Participant: 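Take this structure first; my questions come after.
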Amino acid sequence: MNLQSTVKLNNGVEMPKFGLGVFKVQEGQEVIDSVKAAIKAGYISIDTAAVYKNEEGVGQGIKESGVDREKLFITTKVWNADQGYDSTLAAFETSIQKLGLDYIDLYLIHWPVSGKYKETWKALEKLYKDGKVKAIGVSNFHKHHLEDLLSEAEIVPTVNQIELHPLLSQEELRNFCKEKGIVVEAWSPLAQGKLLDNPVLTEIAAKYNKSTAQIILRWDLQNDIVTIPKSIKEHRIIENADIFDFELTAEDLKKINGLNKNERVGADPDNFNF
């Protein structure tokens, strides 16, 4: 396994198991440099969203990297205020224009906006059928949201991107997604830094001569979870990806699994007001 390793989505598309997230990375030079540093370090997957307001910078970073577009895997998401059929199609055109790309690899519904996400999904199905996106999926969907969506969807989502880290391991949801052939992707895999001083993780990190962040990201990979840590520092972007030269033992995986407290750093998809 390496930084270019992929998982096959339920429609046959190959998605990298590891990528760069750019949530809260500032538009302009900061995001351009972050994207370029990641691509230079061998990353091929970049995850953004309309609401991050940095799609233009991501597109610029891709352009300046000099790497062929076809070799990269780019994800973006439709924001809550744009949900609904026509407004989603319009939002997609805005995103693709800002990114300066001909197509998107993965397009996600950002949050399950009640009464709207099914119409939004129909728009994503159209974009997929029209060849404008290689794969479509959802983000922040609980099991009941997925069941509701699947009751009417023509196409099964390829991915569910959710908050997932050792304090919130989401095992039940992961199992449900596996049953349905939906790949699970972790956002905030490091719990926004909350886990970096965790004594269990620091002890395991010392044993492997790795950082706690590297231990968590390795735990993701060994649990078949696609992961997209964010950083704006080049040395950290490189360090985060340095997780392919060791393997956690079954015992250490069990210790990390034991850290779960169902504790979120973000909003609950059943209770958000944005």
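All figures in this text were calculated on a predicted structure; none of them were measured in a lab.
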Participant: Can you name the residues that form a ring-ring contact (aromatic ring centres under 6.0 Å, His included) with Tyr208, not counting sequence neighbours?
Facilitator: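 Listed in chain order: Phe246.
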Participant: So, are Lys132 and Glu93 salt-bridged, with charged N and O less than 4.0 Å apart?
Facilitator: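 So Lys132 pairs with Glu93 through a salt bridge.
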Participant: Mark yes or no for whether Gln83, through its side chain, and Val78, through its backbone, hold a donor-acceptor pair below 3.5 Å.
Facilitator: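 It does not hold such a pair.
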Participant: Quick test of your reading of the model: are Lys77 and Asp47 salt-bridged, counting only N-O distances below 4.0 Å?
Facilitator: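 Salt bridge present between Lys77 and Asp47.
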Participant: Between the side chains of Trp219 and Asp252, does any donor sit under 3.5 Å from an acceptor?
Facilitator: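 No pair is found: no donor N or O on one side chain lies under 3.5 Å from an acceptor on the other.
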Participant: Which value, rounded to the nearest 0.5 Å, describes the distance between Gln214 atom CD and Leu248 atom CG?
Facilitator: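 One finds 11.0 Å between CD of Gln214 and CG of Leu248.
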Participant: Spell out, as yes or no, whether a donor-acceptor pair under 3.5 Å connects the side chain of Ser139 to the backbone of Ile109.
Facilitator: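 Side chain of Ser139 to backbone of Ile109, a donor-acceptor pair under 3.5 Å: no, none is there.
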Participant: Counting heavy atoms not belonging to Lys255, are there more than 12 under 6.0 Å from its NZ?
Facilitator: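 Counting other residues, nucleotides and ligands, NZ of Lys255 exceeds 12 neighbours.
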Participant: Are there more than 12 heavy atoms of other residues, nucleotides or ligands under 6.0 Å from atom CG of Asp245?
Facilitator: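 It does: Asp245 CG has more than 12 such atoms within range.
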Participant: Is the backbone of His110 close enough, under 3.5 Å, to the side chain of Asn140 for a donor and an acceptor to pair up by distance?
Facilitator: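 Looks like yes, one N/O pair under 3.5 Å.
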Participant: Assess the residue pair Thr212 and Asn198 against the criterion (side chain to side chain donor-acceptor pair (under 3.5 Å)); give the C-alpha distance rounded to whole Å, side-chain angles, the decisive distance to 0.1 Å, and a yes or no.
Facilitator: CA-CA 8 Å; Thr212 46; Asn198 180 283; over 6 Å; no
Participant: Out of curiosity, Asn2 CG to Phe244 CZ, how far, rounded to the nearest 0.5 Å?
Facilitator: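 Nearest 0.5 Å value for the CG-CZ distance: 6.5 Å.
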Participant: Indicate yes or no: does Lys40 engage Asp33 in a salt bridge with an N to O separation below 4.0 Å.
Facilitator: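 Answer for the salt bridge query: no.
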Participant: Taking only Lys NZ, Arg NE, NH1 and NH2, and the carboxylate oxygens of Asp or Glu, determine whether Arg174 and Asp224 approach each other closer than 4.0 Å.
Facilitator: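 No salt bridge links Arg174 with Asp224.
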Participant: Roughly how far, to the nearest 0.5 Å, is CG of Leu173 from CD of Glu171?
Facilitator: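 Between atom CD of Glu171 and atom CG of Leu173 there are 11.0 Å.
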Participant: What pairs with Phe272 under ring-ring contact (aromatic ring centres under 6.0 Å, His included), at least two apart in sequence or on another chain?
Facilitator: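 In terms of ring-ring contact (aromatic ring centres under 6.0 Å, His included), with neighbours along the sequence ignored, Phe272 is linked to Trp111, Phe274.
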Participant: What is the distance from atom CG of Leu201 to atom NZ of Lys210, rounded to the nearest 0.5 Å?
Facilitator: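 One finds 15.5 Å between CG of Leu201 and NZ of Lys210.
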Participant: For the atom pair CG (Leu168) and CD (Glu163), what is the distance rounded to the nearest 0.5 Å?
Facilitator: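 If I round to the nearest 0.5 Å, the distance is 5.0 Å.
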Participant: Is there a donor in the side chain of Glu55 and an acceptor in the side chain of Ser95, or the other way round, less than 3.5 Å apart?
Facilitator: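 Yes, Ser95 and Glu55 have a side-chain donor paired with an acceptor closer than 3.5 Å.
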Participant: Any chance you could lay out the side chain to side chain contact (heavy atoms under 4.5 Å, CB included) test for Asp268 and His142, step after step, and finish with the verdict?
Facilitator: CA-CA 9 Å; Asp268 185 329; His142 280 323; 2.9 Å; yes
Participant: Just how far is it from atom NZ of Lys126 to atom CG of Leu124, taken to the nearest 0.5 Å?
Facilitator: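 One finds 12.5 Å between NZ of Lys126 and CG of Leu124.
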Participant: Can you tell whether the side chains of Arg236 and Glu239 come within less than 4.0 Å, N to carboxylate O?
Facilitator: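 Yes.
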Participant: Does a side-chain N-to-carboxylate-O contact under 4.0 Å join Lys36 and Glu64?
Facilitator: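 Salt bridge present between Lys36 and Glu64.
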